[in-house]
Amino acid sequence: MRTLVSPPWRIGVTAAAASLVLGLAACGGGSSTAGTSASSGGGKARTFTVWDPYPQFDAASDWWKLVEKCGSDAGVTVKHTAFDTTDLTNKALLAAQQGNSPDLLIVDNPVVSTLADAGALTTTDDIKADVSAFSPNLLAAGQSGGKTFGVPIGANTLALYYNKKVLAAAGVDAASVKDWASLNAALVKVKAAGKKGITFSAIGTEEGSFQFLPWFWGSGANLKKLDSPEAVSALTLWTDWVKQGLAPNSVLNNTQTTSWQEFASGDYAFGENGTWQIANAKKSGLDWGVVPIPAAKGGNAPAPTGGEFVTVPVQKDSATYPTAAKVLSCLTSGDNALTTDTTLSYIGGSAAIQAKQAANPDLAVWVEAVKAAKGRTSDDLGTKYPKISEPMWGAFQAALSGSTAPQAALARAQTTAASAVR
Amino acid sequence: MTRTATTRTAGDRAGTSAREVPARPAAPVYRARSSQWAAWGFAAPVTVYLVAFYAYPLLRNLDLSVRNYTVRSFVQGGAQFSGLDNLRAVVTSPTFGPALTNTVVFTVTSLVFQFTIGLALALFFQHHFPLSGTLRALFLVPWLLPLIVSSSTWAWMLNSDSGVVNYALGLLGVDPVHWLTSPQWSLPSVIIANIWIGIPFNLVVLYSGLQAIPAELHEAAAIDGANARQRFWRVTFPLLRPVSAITLLLGLVYTLKVFDIIWVMTKGGPGDSSTTLTTWSYRKSFGSLLPQFGPGAAISNLLIVMALVAGLLYVRSAGREAGA
Amino acid sequence: MTATRAERGRRARTGVGVVLTAVMLFPVYWMVNVSLTPTADMRHDPPFVVPVHATLDGYRTVLDQQLPYLGTSLLVGLGTVLLTLAVAAPAGYSLAKLRPRGGPVLAFALLLAQMIPGIIMGIGLYAVYLSLGYLNTLPGLVVADSTIAVPFGVLLFTSFMRGIPDELLQAAKVDGAGHLRTFASVVLPVSRNAIVTVSLFSFLWAWSDFIFATTLDAGGDHQPITLGIYHYIGNNNQEWNAIMATAVVASVPAAVLLVVAQRFVAAGVTGGAVKE
C-alpha cells in the first residue's frame, strides 16, 4: 500500500512544473533581444549593442554612464555587455559568423588585425569617421593593408614602478637606473640589503609577451628574427635574474595582477607593470615612483602599447553605421575621452588629451612612455604577430624554467614562427 | 526466498536484486509488442533531446576538423574541405607526443588515486560513528566550488614564493619546490589538484554501492570464518564490480575532459610539461590571438574517440557480466 | 566490557574522521582565508596562515552586488533539476523495464553524449539558440545545463529501476493500471532515492557551470553566480578577496542542500528499492 502514495498529487506536481518551465520559456522567448541589428524603421530609440572588455565596471560606474549618454545623444538606447578580455575575441568571431555582431565593439588592440582579417570589422572610411586627431604610433596597431579599422580609446604601456623605501635602504638612487648594467647593479645591491629585486610577468600567454617586449625591443631585437644575438641577450637578462635570485621563480606563472600583488607586499624594489596600476599604487600605502624601462645601452626602451580600440563590426544593414560613427566619436574625442581615460587609467590616444594629462605630475612619465611606445602588430606584422608571439612566450617559458638554454630556446621559437608565417 | 550466501557465489550476484527471483510465466507480458510503443513513448523525450542538442554540436565539430578554417572563412564561410590534413598536422606536431603522454599519465594516475581513496573513505564511513553523516557530507564540499575557484586556490597554495605548501615544507626543513613553474612538478601538481576534486564523486557513488550490499552477506562470511581482509576481497569487492566499473568509466570520461584545473594552474606549461590533449585543443582554438579552429576540433575528436573506445570496452565487459 | 570497547572504537573513528575531513577541507579553509585577506597581503612571503589583517571588504562587495546572481543561479539550478527529472526518469524506466528494441543503442548514445567536451557543446548550442531566439535567456541556460546531467541521470535511473521487483509492476497491471499510471503511482514513489540523487547531481552541476553561462547567457539580464565571479576579473584587474568571498557565499546554499540530502543519496545511487 506504500506504493500507492498520492499519485494524483505527484502527477499534479509534474504538470505544474512542466507548465512552469513552458511558461518561463514563453516569457523568455518573447522578451529576449538577441542583439541583432537592423530594426524596422520606427523612428523610436532602438537598442544599440555595445560590447567591451571591462567587467570590473557595472551599471553604476562612470564608464557605463558615459556610454549611455553617448548613445542617447545619438538617439539610441544602449544595451551594454562586458566580457573577459581573453574571451572577447572568440565571442566576436562567433557572433560575426552567426550575424550577431554588436553595433560597437571595444577590443584589445592586437586583436583588431585578426578581426579585420576575418572581415568582421568596417574601416573608418566605411563609417566615415575622422581619425586625424589620433597619434600615428597608436593608430598603427589598428591598421593593416593601408586601411584603419578602429580608433584607440586610449593607451597604456609598461614602466618600472619602484619602492622608494627599499631602494633607499639599499643605497640605490632610482635616477641612476639608465641602462641594463645600472639596473643589474641596483638589483644586486637590493638583494645584498636583504630585500627582493624585481618582479614581472612571464606567463605563457600574450600577457607574458607583452611584458617581455620592452626588454626584447630594448636590446635592439626585431620580432621578425627571434634568435638574433640581441634577442638572446634580452632573454639571458631574464634568466640570469631568476638564476641569481634577483627575480622570483613565480614570474613563470605570474599575471600582471599577481606580479603587482607581489610588488604591493612591499618586499620588492622594482615591479614592471602598467599605467592601469596607478590607482592601486595610490591605495597600496607604499612610497612609490616610476621610471621608464631602460634600453640595453641607455635611453628608454620602446614599450608595447596596450589599450583597446573602438571598432564598428560589419552589419547586414549598413543603416546603423552613421549612429555607430557618432557614438564612436563621442567616446573618443573631447572631454569624454579624458573622462574615459581617467576612469580606465589610460593615456589619451590623441595629442590634445596627452597634453592635458602631461600637466599631471603622476602621469607625466607615462605620457612620455606612450609617445615612445610601439604597437605589437605595427611594422605591418598584423596577423603575423600572434604567430610570432606564441613561440616567443614558449621560448622564455622554456628558458626560465631551466629546461633549455636561451639561445636554443629562441632558435627553436624562430623556426616555429618562420614556418607559421610563411 | 532462500539465499545461499556463501562467499563463492557472491560474485554471481553482481548487480540486481531482481535476479534472485525466479522467472515467472507472467513476465513476458511486459515484452508484448504493444508495449514497444509504450517503451519508446517513455524513451521519446530523451531521444528527441539527444538528437536536438547533441547531434548538432558533434557534427559541427566534425565539420570544423575536416576543413581548412582561417579566421576569415570561419566568419564568412566557404572553408575548403581538407580531409585529414588537420589531423595529420596535429599528429605530426612536436606537441602531440608530450600531450598524449601527459593525458595518459594524468588520467590513469588521477583515476587510480581517486578511486582508491574514494573506496577507502567509503569503507571507513560504512561503520556508523558519531558525526559520520555530517563528516561524509562535508567531504562533498569540494564539489560545490566553482572550478575556477578550486583551481585558483590550489594555484595559490602551490605558489613557489608565497604558497602555504612551500611554507610548510620550509618549516620541515625542505627546500621550496617549484610546483607550478618547473617542468618536473607541473604535471604532478595538477594531478594532485584533480584527485582532490574527484574524490567526492567517487566517495558518493562507491559509498552507495557498498550500502547496497546486504549486511547478511558480510555476516555469513564472518560466520564462515573470513577475516576483514578476506571479507573485503571475496565479498565486498566482487559485488562492487558493476558500480566500480561505471565509476571508473565515468571518471575516465570526466577526467579526459578536465580543462579548467590545468589551464588555471599552469596553462599547460611551462613549455608542454602539463599540456594534455584537452588543454592543447583549447589553446589552439581559443588560447592565442589567432584561433586555429580546425586543429583544435581535430584534437577534441581524438579525445572523443578515446573515450568511445573506453565506453565500448565497458559495454563489452558489463554485458558479459550481467548476462543482459 | 565490549560496550565500552565498541564505544571507544567509535569515538576513535570519529577522531580519525575529523582529521581526514580537516585535511580534505584544508584548501577550502585557504579559500576562506584569502577571502578575508586585504590586497596588500595577497602575495606576502611567507603567507599568513591566519588572516591577521582580516578585512570584510570582499564580503561587503559580494553582498552589495552578487545577491541577484545567486538568485538566478538558484532558479537555473531548480529548473535544471525539473527538466532533468522530466526527461531522465521516463527514459530510465523505459530502458530498465520496458526494454525497447534498440535500447542498448540509446544507452550507448547517452554514454557518447557525455564524452563531448563542454566547449564544443557551448559553441554548437550558440548557433542553435541564436536561430531559435533563446540566446541570453534563462530557459535556454536551463536546457543547456541539463545536457550535463541528463545522460548521467538516465544511467542512474536505469540502474536503480532495474532493481524494482517485477511483482510490484505486475500488481499494478493486474489492478488495471496502464503504463503511465504504473509509472506515476508505482515506479516514481519507489524511486525516491534515485530522484533525490539525480536532483542533487543536476543541481550541483548546474550551479557550478561556467562554460554554458558564458557562451549562451553572457549578454543576458539575469546571470548566474559563475558569471558574477567574472565581474571581479577585470581587464588587468583581479580582486581576489572578492572572488573568494563570492565562492564562499555561493557555496553556502549548496552545502546546506548537501547535508540535508546526503541521507537519500546514500541509498539512491544503486539498486535498493527493496532495501528501504
Side-chain angles (χ1 to χ4, degrees), chain B residues 16-18 21 26-27 31 35-36 38-40 42-43 45-47 49-50 53-54 56-58 60-61 127 129-133 135-141 143-147 149 153-154 156-157 161-162 164 167 204-205 207-209 211-212 243 253 257 278 300 304 307-308 311 315, chain C residues 10 13-14 17 21 24-25 27-28 30-31 34 43-47 49 87 90-91 93-94 98-101 106 108-109 111-117 120-121 124-125 128 147 150 154 162-163 165-166 170 179 204 208 210 226 247 251 254-255 258-259 262 265-267 269-272 274:
Chain B
T16 61
S17 48
V21 181
R31 297 194 173 76
S35 76
Q36 280 294 308
W40 277 107
F42 278 91
V46 87
T47 318
Y49 184 89
L50 271 179
F53 299 116
Y54 294 88
Y56 183 73
L58 203 56
R60 190 98 206 291
N61 199 49
H127 309 261
F129 51 87
L131 287 187
S132 68
L135 288 180
R136 208 180 53 232
L138 284 179
F139 256 92
L140 302 186
V141 169
W143 214 9
L144 309 174
L145 305 174
L147 275 178
V149 170
T153 309
W154 273 97
W156 283 60
M157 296 198 318
D161 305 290
S162 57
V164 68
Y167 175 65
V204 167
V205 180
Y207 179 79
S208 328
Q211 291 288 78
V243 176
V253 170
K257 291 200 288 189
T278 312
S300 57
I304 297 180
L308 203 63
V315 167
Chain C
R10 275 205 296 277
R13 277 187 180 271
T14 308
T21 314
M24 181 76 179
L25 291 188
V28 180
W30 199 254
M31 188 181 88
V34 173
R43 292 282 159 175
H44 198 265
D45 176 12
V49 181
V87 174
Y93 175 58
S94 165
L98 300 180
R99 307 295 178 87
R101 226 165 295 158
L106 184 61
F108 192 72
L111 207 56
L112 179 62
Q114 291 189 83
M115 300 170 182
I116 306 177
I120 295 179
M121 291 290 295
L125 287 177
V128 175
T147 62
V150 161
V154 174
R162 228 180 247 144
D166 286 335
Q170 280 298 314
H179 286 289
L204 288 180
S208 46
F210 173 72
T226 43
S251 308
L258 257 185
V259 177
Q262 57 88 13
V265 173
V269 176
T270 51
V274 197

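Chain identifiers are assigned alphabetically (A, B, ...) following the order of the sequence lines, protein sequences preceding nucleic acid strands; residue numbering begins at 1 within each chain.
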Peer 1: Looking only at non-hydrogen atoms, find the nearest pair between B/Val243 and B/Gly209 and report the distance.
Peer 2: CG2-CA, 4.1 Å
Peer 1: Non-hydrogen atoms of chain B under 4.5 Å away: do they reach the side chain of C/Ile120, the backbone, both or neither?
Peer 2: both
Peer 1: If I measure from the heavy atoms of chain C, does B/Tyr54 come under 4.5 Å with its side chain, its backbone, both, or neither?
Peer 2: both
Peer 1: Can you tell if the side chain of B/Ile304 reaches within under 4.5 Å of the side chain of C/Pro117, non-hydrogen atoms only?
Peer 2: yes
Peer 1: Looking at B/Trp156, B/Phe53, B/Trp40, B/Phe139, which one has more heavy-atom pairs under 4.5 Å with chain C than the rest?
Peer 2: B/Trp156
Peer 1: Of the listed residues (C/Val49, C/Leu112, C/Val34, C/Val150), which shares the most heavy-atom pairs with chain B below a 4.5 Å separation?
Peer 2: C/Val150
Peer 1: Looking only at heavy atoms and a cut-off of under 4.5 Å, which of C/Phe108, C/Phe210, C/Trp30 has the most pairs with chain B?
Peer 2: C/Trp30
Peer 1: Can you name the closest pair of heavy atoms from B/Val204 and B/Trp143 and give their distance?
Peer 2: CG2-CZ3, 4.4 Å
Peer 1: Which heavy atom in C/Met115 sits nearest to a heavy atom in B/Gly311, and how many Å separate them?
Peer 2: CE-CA, 4.3 Å
Peer 1: Keeping the roles fixed (side chain from C/Ser94, backbone from B/Ala39), state whether a donor-acceptor pair exists under 3.5 Å.
Peer 2: yes
Peer 1: Chain B heavy atoms under 4.5 Å from C/Ile116: which part of the residue, side chain, backbone, both or neither?
Peer 2: both
Peer 1: Count the heavy-atom pairs under 4.5 Å between each of B/Thr47, B/Leu50, B/Leu147 and chain C, then report the option with the highest count.
Peer 2: B/Leu50
Peer 1: Tell me which of these, C/Ala247, C/Ala109, C/Gly17, has more heavy-atom pairs under 4.5 Å with chain B than the rest.
Peer 2: C/Gly17
Peer 1: B/Asn61: what forms a side-chain hydrogen bond (donor to acceptor under 3.5 Å, both in side chains) with it, not counting sequence neighbours?
Peer 2: B/Ser300, B/Asn301
Peer 1: Quick one: which of C/Pro100, C/Ala91, C/Ala113 has the most heavy-atom pairs under 4.5 Å with chain B, could you say?
Peer 2: C/Pro100
Peer 1: Which one of B/Val149, B/Val164, B/Leu58 has the most heavy-atom pairs closer than 4.5 Å to chain C?
Peer 2: B/Val164
Peer 1: Select one option (side chain, backbone, both, neither) describing which atoms of B/Leu138 are under 4.5 Å from chain C's heavy atoms.
Peer 2: both
Peer 1: Could you check whether any side-chain N or O of B/Gln36 sits under 3.5 Å from a backbone N or O of C/Leu98, counting only pairs where one atom can act as donor and the other as acceptor?
Peer 2: no
Peer 1: Can you name the residues that form a side chain to side chain contact (heavy atoms under 4.5 Å, CB included) with B/Arg60, not counting sequence neighbours?
Peer 2: A/Gln97, A/Gln98, B/Tyr56, B/Phe74, C/Ile123
Peer 1: Name the option with the most non-hydrogen atom pairs under 4.5 Å to chain C; the candidates are B/Thr153, B/Val253, B/Leu131, B/Val141.
Peer 2: B/Thr153
Peer 1: Out of B/Ala307, B/Pro45, B/Ser132, return the one with the most heavy atom pairs under 4.5 angstrom to chain C.
Peer 2: B/Ala307
Peer 1: Over all heavy atoms of both residues, which pair between B/Lys257 and C/Gln114 is shortest? Give the atoms and the distance, please.
Peer 2: NZ-O, 2.8 Å
Peer 1: So which of C/Leu204, C/Thr147, C/Val28, C/Leu111 has the biggest tally of heavy-atom pairs under 4.5 Å with chain B?
Peer 2: C/Thr147
